[in-house]
Amino acid sequence: MAFSSSLQLALLVALVLSTPAPAALAAGSKATRIRLYIHERFEGANATVASPLLRSPLGGNATFGEPGVIDDELRAGPHPGSDLVGRFQDFFVGTDRAGSSYLSTATLVFTTGERRGSTLTVQGQYHFDFDGAPVERAVVGGTGEFRMARGYSAMKVVSAPTPETVVFRIDLFVLLPRPGHYF
């Protein structure tokens with residue numbers, strides 16, 4: 001048994017010593033900042049939000065347990081005619097029994113341009129007060145150009161052109177490993 005414990009300890013020490021330190025990861029990473037605009041429609045035949053899919057078990061105006069989905073347009077600018085870059089596809093659920101906070105997992109799907117075929121995924125809690133404060137969520141990964149991405153996003157309401165629409169600005173601060181620095 002002593003040999004097995006010694007071997008396990010040696011393997012653990014080897015693993016810790018072979019894991020790159022955060023500074024080494026940063027040195028082998030490329031920082032990228034991306035600014036895009038999310039165009040959302042709440043009502044009508046072209047609505048991009050379906051919420052709530054189910055009512056909260058708490059009743060009334062409670063949002064706890066209410067799931068919803070989003071399939072918004074992702075554009076290069078705040079105007080509806082700006083270049084379509086892709087989709088902002090999100091699944092969220094109410095998680096605060098006393099308020100209107102949500103847990104969300106969103107994927108930015110790039111369908112045109114230089115990032116076509118790539119995705120970025122952001123995840124975290126949000127609460128929109130529409131008071132101007134940005135909502136921060138973690139960048140937890142991606143595909144294609146964004147394989148093994150990490151970082152954070154800051155999303156903020158920039159306009160509400162009609163009562164049925166809103167435009168968000170999303171700034172993504174992404175660290176990407178340089179080729180050959182994956183592990």
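Since this is a predicted model, take the numbers as computed values, not measurements.
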Which value, rounded to the nearest 0.5 Å, describes the distance between [X] atom [atom1] and [Y] atom [atom2]?
| X | Y | atom1 | atom2 | result |
| --- | --- | --- | --- | --- |
| Asp71 | Phe88 | CG | CZ | 11.0 Å |
| Glu73 | Arg87 | CD | CZ | 5.5 Å |
| Ile38 | Asp72 | CD1 | CG | 6.5 Å |

If you compare all heavy atoms of Arg75 against all heavy atoms of Gly81, which two are closest, and at what distance to 0.1 Å?
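That would be NH1-C, 4.4 Å.
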
So do [Y] and [X] actually touch side chain to side chain, heavy atoms under 4.5 Å?
| X | Y | result |
| --- | --- | --- |
| Val69 | Asp90 | no |
| Arg33 | Asp171 | yes |
| Thr112 | Asp83 | no |

Indicate whether the side chain of Thr119 and that of Thr143 have a donor and an acceptor atom separated by less than 3.5 Å.
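The answer is yes; a qualifying pair exists.
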
Do the side chain of Thr107 and the main chain of Val109 share a donor and acceptor less than 3.5 angstrom apart?
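Here the side-chain-to-backbone pair does not exist.
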
Hey, is the main chain of Arg41 close enough, under 3.5 Å, to the side chain of Thr48 for a donor-acceptor pair?
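Looks like yes, one N/O pair under 3.5 Å.
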
Starting from the C-alpha separation in whole Å, work towards a yes-or-no answer on side-chain contact (heavy atoms from CB on, under 4.5 Å) for Leu108 and Leu172.
CA-CA 11 Å; Leu108 288 79; Leu172 299 137; 3.7 Å; yes

Students often mix this up, so state it plainly: with edges at 30° and 60°, are the rings of Tyr126 and Phe92 parallel, tilted or perpendicular?
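Plane angle over 60°, so perpendicular.
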
Name the orientation class of the two ring planes belonging to Phe110 and Phe146 (parallel below 30°, tilted from 30 to 60°, perpendicular beyond 60°).
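Geometry flag for Phe146 against Phe110: tilted rings.
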
Taking a hydrophobic cluster as the set of Ile, Leu, Val, Met, Phe, Trp and Tyr residues connected by side-chain heavy atoms closer than 4.5 Å, whether directly or through intermediates, do Val166 and Tyr37 fall within one such cluster?
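No.
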
